[in-house]
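Starting from 1, each residue takes its place in the sequence as its number. The analysis underlying the following values was restricted to heavy atoms, covering all of them including side chains, and did not include hydrogens, waters or symmetry mates. In each ligand, atom 1 is the first atom listed, and ligand 1 is the first ligand listed.
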Amino acid sequence: MENYQAHETAVIDPGSSIGAGTRIWHFSHIMTGCIIGSDCNIGQNVVVSPEVVLGNRVKVQNNVSIYTGVTCADDVFLGPSCVFTNVINPRSAVSRKHQYERTKVEKGATIGANATIVCGHTIGAYALVGAGAVVTKDVLPYALVVGNPSRQTGWVSEYGCRLEFDDTNMAVCPESGERYQLSDGQVSKL
Ligand SMILES: CC(C)(COP(=O)(O)OP(=O)(O)OC[C@H]1O[C@@H](n2cnc3c(N)ncnc32)[C@H](O)[C@@H]1OP(=O)(O)O)[C@@H](O)C(=O)NCCC(=O)NCCS
């Protein structure tokens, strides 16, 4: 008896591991060799390609394809219709199956609706990629990036609120009250 839930229209290929409490909605396809954590929510019309690894409590909104080479850590949020890639210079007539580039989405990060992540980059922990952004470089932990090509416009807390650093490089999340420090161009939670 499996302890995850999948809608009757979902297709789960053999050879994947899916954690307890995970829900998989209409017309989604989990391909072979995936490792999906517990308490994830995989929306409608989602494809999880072979050997993709998703952590626990990952939320995947509708119409997302997570290609081989992508990993998402715990608590990652993938907005509706966001796009991953795994080949930098695809050609239909040239097989590049052995050249898949890796994309890492680290703990707690959010990818906004319709954003595109060009492969080979890391989205740092708790980073927030704005709706429609095109990410072409690594994104720092806690960074807010928007636009095409995406540029960093600020910092966000683990609650996704903007962080305003004072002249001692300290900031307080307005929602959680948690304190953050900016040091050498990197944010850390105190
Ligand atoms: C990026 C984001 C977090 C910024 O939110 P915010 O801090 O409230 O920003 P504001 O609305 O105050 O906008 C600040 C500026 O950034 C611009 N901006 C906001 N979001 C933007 C985006 N996604 N791309 C480009 N520019 C954006 C605004 O136009 C504004 O520009 P201006 O200063 O020239 O007027 C938010 O707009 C966003 O894209 N969230 C993702 C939503 C999403 O995809 N959810 C998925 C689940 S439904």
> Out of Tyr180, Phe165, Tyr159, which residue meets the ring pair (Phe, Tyr, Trp, His ring centres under 6.0 Å) rule with Tyr142?
Replying inline: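 Testing Tyr142 for a ring pair (Phe, Tyr, Trp, His ring centres under 6.0 Å) against Tyr180, Phe165, Tyr159 leaves exactly one candidate, Tyr180.
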
Non-hydrogen protein atom less than 4.0 angstrom from [atom]:
{"atom": "atom 36 (C) of ligand 1", "value": "no"}
{"atom": "atom 47 (C) of ligand 1", "value": "yes"}
{"atom": "atom 25 (C) of ligand 1", "value": "yes"}
{"atom": "atom 7 (O) of ligand 1", "value": "yes"}
{"atom": "atom 15 (C) of ligand 1", "value": "no"}

Please report which non-hydrogen protein atom sits nearest to [atom], along with the residue it belongs to and the distance in Å to one decimal place.
{"atom": "atom 43 (C) of ligand 1", "value": "Ala113 N, 3.8 Å"}
{"atom": "atom 2 (C) of ligand 1", "value": "Leu144 CD1, 4.4 Å"}
{"atom": "atom 1 (C) of ligand 1", "value": "Val146 CG1, 3.5 Å"}

> Going by an N to O cut-off under 4.0 Å, is there a salt bridge joining Arg162 and Glu164?
Replying inline: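 No salt bridge links Arg162 with Glu164.
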
>> Assess whether a salt bridge exists between Asp39 and Arg57, defined as any Lys/Arg side-chain N lying under 4.0 Å from an Asp/Glu carboxylate O.
In response: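 A salt bridge is absent here (no side-chain N lies under 4.0 Å from a carboxylate O).
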
> Name the one of Leu144, Thr110, Val187 that satisfies side chain to side chain contact (heavy atoms under 4.5 Å, CB included) with Val156?
Replying inline: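 Among the candidates, only Leu144 passes.
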
Could you list which atoms of ligand 1 come closer than 4.0 Å to a heavy atom of [X]?
{"X": "Arg162", "answer": "7 (O), 9 (O)"}
{"X": "Gly130", "answer": "1 (C), 23 (N), 39 (O)"}
{"X": "Phe77", "answer": "47 (C)"}

> Does a donor on one side chain sit under 3.5 Å from an acceptor on the other, for Asn62 and Trp25?
Replying inline: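 No, Trp25 and Asn62 have no side-chain donor paired with an acceptor closer than 3.5 Å.
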
> So, His29 and Asn45: side-chain donor and acceptor under 3.5 Å apart, yes or no?
Replying inline: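 Note: His29 and Asn45 side chains miss the donor-acceptor criterion.
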
> Heavy-atom distance to atom 40 (N) of ligand 1: which of Gly112, Gly154, Ala131 wins?
Replying inline: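 Answer by nearest heavy atom: Ala131.
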
> Is it true that a side-chain atom of Ser28 and a backbone atom of Gly43 form a donor plus acceptor pair closer than 3.5 Å?
Replying inline: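 Yes.
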
> In Å, rounded to the nearest 0.5 Å, how long is the span from CD1 of Ile24 to CD of Gln5?
Replying inline: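 If I round to the nearest 0.5 Å, the distance is 9.5 Å.
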
